[in-house]
Structure formats: structure tokens, C-alpha cells
Amino acid sequence: MKIATWNVNSLKVRMPHLREWLARQAPDVVCLQETKCEDKAFPGAEIEAAGYRWIHHGQKTYNGVAILARAECGNVRRGIPQFTDEQSRVIVGDVGDTRIVCVYVPNGQSVGSDKYEYKLRWLAALRDWLRSELQAHPKLAVLGDYNIAPEPRDVHDPLAWEGQVLFSEPERAALKGITELGLADAFRLFEQPEKSFTWWDYRMNAFRRKMGLRIDHVLLSPALARSCTACTIDLEPRRLERPSDHAPVICELSN
DNA sequence: ATGGTTGTCCTACAA
């Protein structure tokens, strides 16, 4: 089974890229972030024509998450339980015997801002909930835009980024709190090229200059990590005209 | 040099 995550930064604008990418990569499950549309505006017919069922937790203008899958999603839920959130950032469903969690972690804006405090609160709530999800679901995958680079090698210029939002110590500690529940960063299960990133600022030719961060992740429970045979970043959609600022991450599971 | 780009929506805001 091939599972993937992609922050599309507006599903409406990125639909041609998504269609082409689905045909080329043929993933079984895709988690999308920043769909930026309400449920009633979701392009469901086009997604179905491409061969996918879908679930969506939408919102006007901002956020919005979806799961596309070859098979129907069961036991769907939206949002983190017992965490009141007006922003549409989490959708969950079972695909076969695997529980798929799609997350769009808050950006945090800048260290010390209200949005940064919200990000840390949000991550603490996610960790508390995932602890119980892991106990209930041996095959658990948590995919999405975490808006956190875990290590210096995940940042093009770690010295310049030290202490900045997306790479500050409290954010990295919060992500570590989640992986230490027993969720493996699939990308680091394998040898990878240097300067492997998933996001590049639209400005300053950051992509061409390889000035990126690895902030989109696939986290796997122990049972899934054992079955994982590859995890790669697909740079091709980022090279196209009018791209998303994020590249997709693709993960192969052998069962 | 405190810049610059994109998406949503029309004026700033979020990223």
C-alpha cells in the first residue's frame, strides 16, 4: 500500500497538478492539507473520476483537510476529541485495517505570538489523543504538514533558523513528544539524500536555491514501521508552473 | 537591503 501526504495550498488551484500526480504515482491513500474550501465546494466528482473515494473537513478560505482513498473510509472523525478548535485541521478514517490520521498543524506565525501559543497547545492535545489512538489501533499512520523541522539536517541553514518558528526548541520538543509515543518518522527509516526538504518559500527563488525545510511527515506505529519499505519526497510537482509551496511525501507499506 | 510571493477575496491576513 502506498500512502502519501501533500499540502496543496488551495485544492481548487492545484486540481490539475493533483490529477496528474494521482495518475502518475497511483497512491492508495492521500492526505491533503490546506484545501481552503468548504465541504460544498469540494471537487468530489473530479476526485471520484480519478478513482478515489474521499472525506473532507473543510473551511472557507483557510485550512481544510481531506483523505482520498481507493477504498471507502470507515470510522470517520473530524478534529481532535475534547479539543475545541474552530479551525479544520484534522480528519481521520480507517482504510482497511489501517487508521489514517491527516493533520495540518498550526503554522505558529512567530515565536511568542498568540498563534505560536495556540500551536503548542494544539500539539499537546494531539499528543494526548494519539497516545490513546495508538493503544486502540496497532496500524496507525499520522500524515501531514507538521510545520516543524525535527533536526538541523532538515533545515537548509540551521544556524539562521535556530529559534525561529518552524524550528524553535519548544516546537521540536513537541514533535519529539509525539514520536516518543512510538511513532517513527518514516523518512528517517532509510538513507536519504542531503538537503531533503518538503517546503520552500515562494519568495527569493527558494526552491531553485534548495533553501527549504522538511516539515511534512509520515509517522508510523511500530507495526506499520516494520512493514515500511520506502519513503520519498516527490519534487516533480514543485517544479511545475504555479506550484504548491509543498512537495508530496510518499510512503510504501508492504502489507 | 527587514526585502520578496501566493491564495483568498477585494483589504488585509495567513502562510
Side-chain angles (χ1 to χ4, degrees), chain A residues 5-21 31-43 46-47 56-66 79 85-91 102-123 126 143-150 154-168 170-172 174-175 197-217 233-249:
Chain A
T5 180
W6 192 8
N7 179 324
V8 290
N9 186 19
S10 170
L11 185 52
K12 184 181 175 185
V13 171
R14 229 61 67 195
M15 202 55 212
H17 290 188
L18 179 63
R19 249 197 316 271
E20 185 180 309
W21 180 79
C31 294
L32 300 177
Q33 301 85 37
E34 288 206 88
T35 60
K36 294 188 174 179
C37 65
E38 293 179 287
D39 290 342
K40 64 186 180 193
F42 189 85
E46 285 178 78
I47 297 292
H56 184 227
H57 183 26
Q59 182 184 332
K60 189 174 180 168
T61 310
Y62 304 117
N63 310 310
V65 284
D85 195 353
E86 292 177 359
Q87 305 186 17
S88 299
R89 295 183 173 279
V90 172
I91 191 162
C102 173
V103 300
Y104 176 46
V105 175
N107 172 284
Q109 191 179 52
S110 60
V111 173
S113 66
D114 289 349
K115 291 192 179 75
Y116 183 80
E117 296 306 318
Y118 164 66
K119 181 178 193 173
L120 295 180
R121 279 204 317 279
W122 197 97
L123 286 161
L126 179 67
L143 305 88
D145 176 1
Y146 285 77
N147 269 314
I148 302 170
D154 300 312
V155 178
H156 70 93
D157 184 349
L159 285 178
W161 278 85
E162 189 60 52
Q164 302 297 309
V165 75
L166 311 184
F167 191 55
S168 73
E171 293 166 87
R172 291 157 67 185
L175 180 55
F197 307 127
T198 64
W199 170 83
W200 305 260
D201 198 297
Y202 281 124
R203 297 166 286 190
M204 308 291 286
N205 283 315
F207 180 67
R208 189 180 54 72
R209 297 159 68 192
K210 303 186 191 304
M211 294 170 64
L213 273 62
R214 191 174 71 90
I215 58 176
D216 300 84
H217 307 299
I233 300 163
D234 184 359
L235 296 177
E236 291 310 313
R238 189 64 178 78
R239 302 189 209 277
L240 301 174
E241 288 294 318
R242 219 178 173 198
S244 168
D245 44 353
H246 294 254
V249 182

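With rounding to whole Å, A:His17 atom NE2 is found 13 Å from B:dT6 atom P. Across the protein-nucleic acid pair, A:Asp245 atom CG and B:dG4 atom P stand 18 Å apart, rounded to whole Å. Distance A:Asn9 CG to B:dA15 P: 11 Å, rounded to the nearest Å. With rounding to whole Å, A:Phe207 atom CZ is found 16 Å from B:dT6 atom C1'. Rounded to whole Å, atom P of B:dG7 lies 15 Å from atom CH2 of A:Trp199. We find that OH of A:Tyr146 is positioned 18 Å from P of B:dA15, with the value rounded to whole Å. Computed from coordinates, the A:Glu241 CD to B:dG7 P distance equals 12 Å when rounded to whole Å. A straight line from CG of A:Asp201 to P of B:dG7 spans 13 Å, rounded to a whole angstrom.
Centroid-to-centroid, the aromatic rings of A:Trp200 and A:Phe207 come within less than 6.0 Å.
Among residues two or more places apart in sequence or in another chain, the ring-ring contact (aromatic ring centres under 6.0 Å, His included) test is passed with A:His57 by none. Residues meeting the ring-ring contact (aromatic ring centres under 6.0 Å, His included) test with A:Tyr146, sequence neighbours left out: A:His217.
Straight-line distance between the C1' atoms of B:dC9 and B:dA14: roughly 13 Å, to the nearest whole Å. Here, B:dT11 and B:dT5 have their P atoms 23 Å apart, quoted to the whole Å. When the P atom is used for both B:dT8 and B:dG4, the distance is 22 Å, rounded to whole Å. B:dA12 and B:dT2 are spaced 22 Å apart, taking the P atom of each and rounding to whole Å.
Seen from the ring of A:Phe197, A:Arg214 does not count as a face-on cation partner, given the 6.0 Å and 45° thresholds.
Both A:Glu34 and A:Pro243 lie near DNA chain B, and the one whose nearest nucleotide falls closer to the 5' end is A:Pro243. Each of A:Tyr202 and A:Asp145 was matched to the nucleotide of DNA chain B holding its nearest heavy atom; the match closer to the 5' end belongs to A:Tyr202.
Under 4.0 angstrom from either OP1 or OP2 of B:dG7 there lies at least one side-chain N or O belonging to A:Arg242. The side chain of A:Ser244 places no N or O atom within less than 4.0 Å of a non-bridging phosphate oxygen (OP1 or OP2) of B:dT6.
Out of B:dA15, B:dG7, B:dT8, the shortest distance to the side chain of A:Lys12 is found at B:dT8. Looking at the side chain of A:Arg14, the nearest of the listed nucleotides B:dG4, B:dT8, B:dT6 is B:dT6.
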request  = Show your reasoning for whether side chain to side chain donor-acceptor pair (under 3.5 Å) applies to A:His17 and A:Ser244.
outcome  = CA-CA 9 Å; A:His17 290 188; A:Ser244 168; over 6 Å; no
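Counted by atom type alone, A:Tyr116 and A:Asn107 present zero donor-acceptor pairs between their side chains at under 3.5 Å.
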Under a 4.0 Å heavy-atom criterion, the protein footprint on nucleotides 9-14 of chain B, written with B, S and -, is S----S
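Partner of A:Asn63 under the side chain to side chain donor-acceptor pair (under 3.5 Å) criterion, chosen from A:Arg89, A:Glu34, A:Lys36, A:Glu86: A:Arg89.
Relative ring orientation between A:His156 and A:Trp161 is described as perpendicular, the plane-to-plane angle rising above 60° on a 0-90° scale split at 30° and 60°.
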